[in-house]
Amino acid sequence: MNETEFVKEIASKEEAFSQWYIDVVKKADLADYTVVKGCMVIKPYGYALWENMQHCLDQRIKATGHKNAYFPIFIPESLLKKEAEHVAGFAPEVAWVTQGGNQKLEERLAVRPTSEAIIGSLYSKWIHSWRDLPILINQWANIVRWEKVTRPFLRTTEFLWQEGHTAHQTQQEAEEETLKILAIYKDYIEKDLAIPVIIGKKSNTEKFAGAMHTYTLEALMGDGKILQTGTSHNLGQNFAKAFDIRFLDENQEEQFAWTTSWGTSTRLVGGIIMVHGDERGLKLPPKVAPLHIVIVPIFFDQSKQEVLNKAQQYKILLSEKFNVELDDRDNYTPGWKFNEWEMKGVPVRLEIGPRDLAHNQVVAVRRDKGNKVMIAESELLPTMERWMTDIQNNLYMQARSRLEENIRFCENYDQFKEIMAEKRGFIKAYWCGNEKCEEEIKRDTKATIRCIPLDENKEKGKCIFCGAESSSLVFFGRAY
RNA sequence: CGGGGUGUAGCGCAGUUUGGCAAGCGCACCUGCUUUGGGAGCAGGGGGUCGGAGGUUCAAGUCCUCUCACCCCGACCA
C-alpha cells in the first residue's frame, strides 16, 4: 500500500508543515478552536496528555524540595510597574481588568502574564530572616498574554504552565537553583517527552525581562525551526530590590534576597507534535501517552462473541501495567480504527480476530514502526513492557539523530544565509558578543541566537558577521 | 500591527463573474439489511437561510458599506 494513502485528512507534513500541524491537533482530538480569539479548548485527550506531563514534571519539582502553591490571577498595575525592565517587556501583551461588576476599578488589574510581581510582593512579607530562606515554591496556573498571532499550543492568548519562584540567601545558591532546574527540565523533556534539547544561556537581548541571566532549553522541530521548550532565570537581586525582599543574615546585616524563576508550558505539547509526528499524525512517547495500547477486535458473525471475550481478557491482563482501550465500536471497520488510533498517536495497537484466537496469539503493531508482528498470548505482557521502553528510546534516538544531522558549524556568512534559507536547523557559529551583529543577522536571516553553550570553548574563531575574534561559539536558529 | 486569502449543513467544497423563482455535492449523522484482518456496500432519511449588521432592489449566497473570525507570509513575543 502507498504510504501516503493511509490518512487523507491530514495535510502533507513535507509540503505544508503548518497546515499539517493544525490538522494533527484537530484530528488527534487534542484541542479545538473556540469563540474567543486565540483561546483554544484543550479536549479530554489533549488534557490527559497534559496531565501526564504535569505529573512527570511535578514529581521532579517536588523531589527537589519545592512545594506547590497558588497565587492570584490579578496583579495590580502598581505592582507590575515596580520592576522597570520587567513591565517594559510585558506591557504590550498584558490584558487589563478595568471594571468589576458595574463599578470602574480605582486601579486596573493585570491578568497575570507571569507572576514575578505578585509573588515578589508576598515574598517581601514572608521573608525576614536568613532562617526563612530558601523559599522554594512552584505554581501550576493559567497565564494570559495578548498575542497578535496565535497557534494552538505554541502560542495562545491563554495558556497553562508551571512557574517556580524561589528566594535564596546568596547569589551562589540562586545560581545553583537556576542550574538545578535547568537540569530537571532537561531530564524531563528528554526522558519523558523524548525530545532532545540543546541547553545554554540566552543572549542579553533574548533573556527574560528583568532577569540577570536566563538559561534555556531549545529543541529542533520537524520543519527545521527551533522551539524554546523551557527557561530558568536567575533574577539576581533585581526583583528583590524592586519588591523589597530583605532579610537579616547571620551577622545581623540586612541583605536583599537572590531570586529565581522558571517555567514550562502547554507549548511543550506542540513540541511533542512537531518533533515526533509524521504523515499519519501524532506519535506519543509512552511515558506521557494517555493511552498505551488500543485493542481492535476483528469481528465476524460467528466468532464475534468469542473474539470480544478474548479481547476483554487481554484488556484486563494489560491494564495491570498500561492504559488500555478496547475499541469494540460496531459502526467502524477495523481499517478505519487503525487509521484513527494512528492519528491519535497511541504507541501500540493490538489486533485480535478469529485466526489469532485459533493460534493463541495477537497481531501487534508499534506506532513508531508500523509493521505487524505476531505475539504469543503467553508473551504478551512482557513483550508490551519491553516495547514501551523501546518505543520511548526509539522516539528519542530518532529525534536525536535528526538534531545531530541538523547542527551545522559555519564560518562563512554567505553559507550561513544559505543554510538558514534552505535547511534551517541549528547553526553553530562564532559571535563577538555585539548586539549589533545579532540584530543584523536576524534581519538578514530571521535567525536569532537560541543559546550560548555552557561549556567553556577554548578555541577562538571569527564572528560570523563582523569577523572580530571571539571564543564564543553559539547556536543560531529560526525560532517559533 | 502590515500584506494576501477564506467564511455556504458537523467537516470539506461548488454556486457569487452576469441578482431570478427548489441552496447543491462528497464525507459524517439517523433507519434497515448485508458487512468487518488497512478509512465497507446498497436502499431510505434528517439537517443549512449562505460569518454578522446595515443598505440597494419587485427579488440578494450573488451587488454596496461596515464589522467579526480563521488561515498563510512578515514585524513582536513562551
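These numbers come from the heavy atoms of this one structure, side chains and all, not from hydrogens, waters or symmetry mates. In what follows, chains are A, B, ... by sequence order, proteins preceding strands, each numbered from 1.
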Spacing of the [atom1] atoms in [M] and [N] (rounded, Å):
N: B:C50; M: B:U16; atom1: C1'; result: 11 Å
N: B:A14; M: B:G55; atom1: C1'; result: 28 Å
N: B:U8; M: B:C73; atom1: C1'; result: 27 Å

Side chain of [X] - closest among [options]:
X: A:Arg280; options: B:C72, B:G38, B:U36; result: B:G38
X: A:Glu147; options: B:A75, B:C73, B:C77; result: B:C77
X: A:Lys27; options: B:G38, B:C11, B:G37; result: B:C11

### Query
Thinking salt bridges, do A:Arg349 and A:Glu342 make one under a 4.0 Å N-O criterion?
yes
Tell me whether the side-chain N/O atoms of [X] come closer than 4.0 Å to OP1 or OP2 in [N].
X: A:Thr333; N: B:U36; answer: no
X: A:Lys446; N: B:C76; answer: no
X: A:Ser18; N: B:C72; answer: yes
X: A:Arg478; N: B:G74; answer: yes

Given that both distances must come in under 3.5 Å, which nucleotide forms a Watson-Crick or G-U wobble pair with [N]?
N: B:C70; answer: B:G5
N: B:G20; answer: B:C58
N: B:A43; answer: B:U31

Interatomic distance where [atom1] belongs to [X] and [atom2] belongs to [N] [whole Å]:
X: A:Met343; N: B:G38; atom1: CE; atom2: C1'; value: 13 Å
X: A:Lys148; N: B:C73; atom1: NZ; atom2: P; value: 18 Å
X: A:Glu340; N: B:C11; atom1: CD; atom2: C1'; value: 14 Å
X: A:Arg329; N: B:U36; atom1: CZ; atom2: P; value: 19 Å
X: A:Gln302; N: B:U35; atom1: CD; atom2: C1'; value: 12 Å
X: A:Gln305; N: B:U36; atom1: CD; atom2: C1'; value: 16 Å
X: A:Asp301; N: B:U36; atom1: CG; atom2: P; value: 8 Å
X: A:Tyr480; N: B:C72; atom1: OH; atom2: P; value: 10 Å

Do the side-chain N and O atoms of [X] and [Y] include a donor-acceptor pair separated by under 3.5 angstrom?
X: A:Thr178; Y: A:Ser232; result: no
X: A:Thr264; Y: A:Gln162; result: yes
X: A:Glu116; Y: A:Ser261; result: yes
X: A:Tyr21; Y: A:Asp223; result: no

### Task
Ignoring hydrogens and angles, answer whether the base of B:C77 and the side-chain atoms of A:Arg155 contain a donor-acceptor pair closer than 3.5 Å.
yes
### Message
Any donor-acceptor pair, under 3.5 Å, between the side chain of A:Glu342 and the base of B:G38, if you only look at N and O atoms?
### Response
yes
### Task
Sort out for me which residue in A:Met420, A:Arg424, A:Lys225, A:Arg478 forms a side-chain contact (heavy atoms from CB on, under 4.5 Å) with A:Lys446.
A:Arg478
Using a heavy-atom cut-off of 4.0 Å across all strands, would you classify [X] as base, sugar-phosphate, or nothing?
X: A:Lys202; value: nothing
X: A:Val363; value: base
X: A:Arg349; value: base
X: A:Tyr33; value: sugar-phosphate

